[in-house]
Student: 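Can you keep this structure in mind? I'll have questions shortly.
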Amino acid sequence: MNEPTQPGVYVTVAHVETAEVVRHLGPYDTAAAARTAAGEHAGQPLTWSRDPETWHAEKFPLSYHVPADPPIELP
């Protein structure tokens with residue numbers, strides 16, 4: 001049975017070579033908090049790159065993926 005997912009930002013942890021998802025971390029309040037937690041999980045600070053929708057980092061053999069926060073609309 002699938003339990004409902006709590007709101008928040010999750011880190012998807014996948015194997016680099018197979019792309020198999022091995023774990024989800026979270027929920028966190030922001031993408032920044034999720035990226036910090038991913039570094040703690042990896043045991044070291046991670047270097048992140050971003051495309052328009054996702055942050056990515058690697059510490060072989062795992063890759064970490066965090067959805068980017070939506071843009072803030074200014075008045």
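All values derive from a computational prediction rather than experimental measurement. For reference, positions follow the sequence shown, starting with 1.
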Student: Do L62 and V22 touch side chain to side chain, with heavy atoms closer than 4.5 Å?
Tutor: yes
Student: Looking at every heavy atom in both A68 and P52, which two are closest together, and how far apart are they?
Tutor: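 Looking at all heavy atoms of both residues, the shortest contact is CB-O, 4.2 Å.
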Student: Any donor-acceptor pair under 3.5 Å linking the side-chain atoms of T54 with those of H56?
Tutor: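 No, no side-chain donor-acceptor contact under 3.5 Å.
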Student: Evaluate the criterion side-chain contact (heavy atoms from CB on, under 4.5 Å) for residue pair F60 and E17; output intermediate values, then yes/no.
Tutor: CA-CA 9 Å; F60 193 81; E17 293 179 347; 3.5 Å; yes
Student: Walk me through it: do V66 and Y10 pass the test side-chain contact (heavy atoms from CB on, under 4.5 Å)?
Tutor: CA-CA 6 Å; V66 174; Y10 288 83; over 6 Å; no
Student: What pair of heavy atoms forms the shortest contact from G8 to P27, and how long is it?
Tutor: CA-CB, 4.0 Å
Student: Taking all non-hydrogen atoms of both residues, which atom of V16 and which atom of S63 are closest, and how far apart?
Tutor: CG2-N, 3.8 Å
Student: Count the heavy atoms belonging to other residues, nucleotides or ligands that lie under 6.0 Å from CD of E53, then report whether that count exceeds 12.
Tutor: no
Student: Taking side-chain contact (heavy atoms from CB on, under 4.5 Å) as the criterion, tell me which of K59, R23, H24 meets it with V13.
Tutor: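 Among K59, R23, H24, the one meeting side-chain contact (heavy atoms from CB on, under 4.5 Å) with V13 is R23.
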Student: Looking only at non-hydrogen atoms, find the nearest pair between A38 and L25 and report the distance.
Tutor: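 Looking at all heavy atoms of both residues, the shortest contact is CA-CD1, 4.3 Å.
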Student: Would you give the length of the straight line joining atom CZ of R50 to atom CZ of R35, rounded to the nearest 0.5 angstrom?
Tutor: 8.0 Å
Student: Can you tell me how far NE2 of H41 sits from OG1 of T36, rounded to the nearest 0.5 angstrom?
Tutor: 14.5 Å
Student: Which atoms form the tightest heavy-atom contact between L46 and A57, and what is the distance?
Tutor: CB-CB, 3.9 Å
Student: Quick one: do Y64 and T12 satisfy side-chain contact (heavy atoms from CB on, under 4.5 Å)? Show the steps, please.
Tutor: CA-CA 6 Å; Y64 298 84; T12 301; over 6 Å; no
